[in-house]
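A short write-up of the structure that comes next.
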Amino acid sequence: SSSCLPIEMPSSALFGVGEGAWSLADYAYFCAEQKSSAALALSLAADLGTAFSMANIAPADYRARAQSLLAELPRYQCADGGFGYWPDGCRYGNFYLTAYVLHVLRVTSTLGMATPSVDETAALAFLDTNLRANPPDLPQWLPAWTASASYAVRELTARKLNEDANITRLAARLDFFPIFALSYLADAMVSPSGVRHPQYADVIRRLTNAIRLEGDRAHVEELDDDALLWLWNSNVRSTAVVLEGLTRRHDDAQLLPALGPGLV
């Protein structure tokens with residue numbers, strides 16, 4: 001006699017991820033970060049067609065849901081040009097959040113989503129104004145400040161603006177950088193022609209030194225700093241940011257096979 005052991009294999013490396021993405025897209029309390037994040041997840045899922053499945057949301061509806069969320073973002077733009085967490089009438093924008101919203105708008109536009117009627121010029125000016133301000137005097141606030149400033153510089157350079165002075169200024173404070181912020185700065189350090197800043201290799205070295213390998217999986221061990229909780233910090237988020245950056249910039253390919261499974 002003989003017996004058989006049935007084995008079921010997922011057809012995609014994204015198997016099981018859809019539930020988490022659906023939780024994000026269907027989250028009930030919508031501040032600007034949550035709306036932007038849900039719009040980003042839905043836009044990326046729509047770009048994958050039917051390969052990515054979320055419970056209770058049909059793939060055919062991803063783009064419409066994302067577009068509806070993006071259309072609400074102008075309500076979160078504040079009087080100073082930045083974006084605030086809550087809609088309608090805010091006076092002062094949030095430095096990190098504004099960089100994030102601009103990042104989401106940039107990425108979703110490349111995926112064919114219509115850009116909502118935000119005043120992007122005013123938002124970029126808000127980032128520039130905050131970059132010109134002095135960094136905090138207290139060392140414990142420098143990780144959060146470097147994260148916000150490097151994210152702002154990344155979004156400004158992504159729009160072909162010259163940020164050499166700010167990049168050099170930030171590179172002098174690498175000891176205070178969270179790991180995900182090193183990835184932001186690395187992006188800003190690559191010119192449109194592909195030329196890398198003289199300190200680019202040091203940034204990548206610091207970034208990769210924070211990757212912890214466990215068998216065939218790896219994750220980023222982020223800086224343990226309570227102030228980073230205000231920037232939605234976690235090892236999972238940092239691992240995703242680092243993996244995306246290493247892949248897009250064609251950095252150390254040896255780490256990628258372990259980071260992917262670790263993130264999933």
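None of these values were measured; they are calculated from a predicted model. Residue numbers run from 1 in the order of the sequence given. Side chains included, hydrogens not; waters and symmetry mates left out as well; all remaining heavy atoms used.
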Roughly how far apart are Phe30 CZ and Ser36 OG, rounded to 0.5 Å?
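If I round to the nearest 0.5 Å, the distance is 11.0 Å.
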Just how far is it from atom OG of Ser68 to atom CG of Asp61, taken to the nearest 0.5 Å?
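The OG atom of Ser68 sits 11.5 Å away from the CG atom of Asp61.
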Taking the side chain as C-beta and beyond, is there a heavy-atom pair between [X] and [Y] under 4.5 Å?
| X | Y | result |
| --- | --- | --- |
| Leu156 | Asn166 | no |
| Ser43 | Arg63 | no |
| Tyr100 | Ser37 | yes |
| Leu263 | His219 | no |
| Val118 | Leu102 | no |
| Asn209 | Arg206 | no |
| Leu105 | Pro116 | yes |
| Glu221 | Ile179 | no |

Find out if a path of hydrophobic residues (ILVMFWY) with successive side-chain heavy-atom gaps under 4.5 Å connects [X] to [Y].
| X | Y | result |
| --- | --- | --- |
| Val236 | Leu40 | no |
| Leu127 | Phe83 | no |
| Trp232 | Val104 | yes |

Residues, nucleotides or ligands: over 12 heavy atoms within 6.0 Å of Asp224 CG
no
Tell me whether the count of non-hydrogen atoms from other residues, nucleotides or ligands lying under 6.0 Å of CZ in Arg217 goes above 12.
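Not buried by this count: 12 neighbours or fewer within 6.0 Å.
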Is [X] salt-bridged to [Y], going by a charged N under 4.0 Å from an acidic O?
| X | Y | result |
| --- | --- | --- |
| Asp187 | Arg249 | yes |
| Glu72 | Lys35 | yes |
| Glu120 | Arg159 | yes |

Where do [X] and [Y] come nearest, in terms of heavy atoms and distance?
| X | Y | answer |
| --- | --- | --- |
| Ala39 | Leu69 | N-CD1, 3.7 Å |
| Thr110 | Val107 | OG1-O, 2.5 Å |
| Ala258 | Leu213 | CB-CD1, 3.6 Å |
| Pro178 | Thr146 | CD-OG1, 3.5 Å |
| Leu231 | Ala147 | CD1-CB, 3.6 Å |
| Arg132 | Asp128 | NE-OD2, 2.8 Å |

Strictly under 6.0 Å, is that where the ring centroids of Trp230 and Tyr96 end up?
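No, too far apart.
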Measure the acute angle between the ring planes of Tyr151 and Tyr184, then classify it against the limits of 30° and 60° as parallel, tilted or perpendicular.
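Taking Tyr184 first and then Tyr151, their aromatic rings lie parallel (interplane angle under 30°).
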Check against side-chain contact (heavy atoms from CB on, under 4.5 Å), Cys31 and Trp86
CA-CA 5 Å; Cys31 70; Trp86 305 109; 3.5 Å; yes
Any chance you could lay out the side-chain hydrogen bond (donor to acceptor under 3.5 Å, both in side chains) test for Arg205 and Tyr200, step after step, and finish with the verdict?
CA-CA 9 Å; Arg205 177 187 62 80; Tyr200 180 84; over 6 Å; no
Looking at Ile204, is its backbone amide N or carbonyl O close enough to the side chain of Asp202 to form a donor-acceptor pair, meaning the two atoms are under 3.5 Å apart?
no
Just do the side-chain contact (heavy atoms from CB on, under 4.5 Å) check on Val242 and Phe180 with the steps written out, would you?
CA-CA 6 Å; Val242 167; Phe180 66 89; 5.5 Å; no
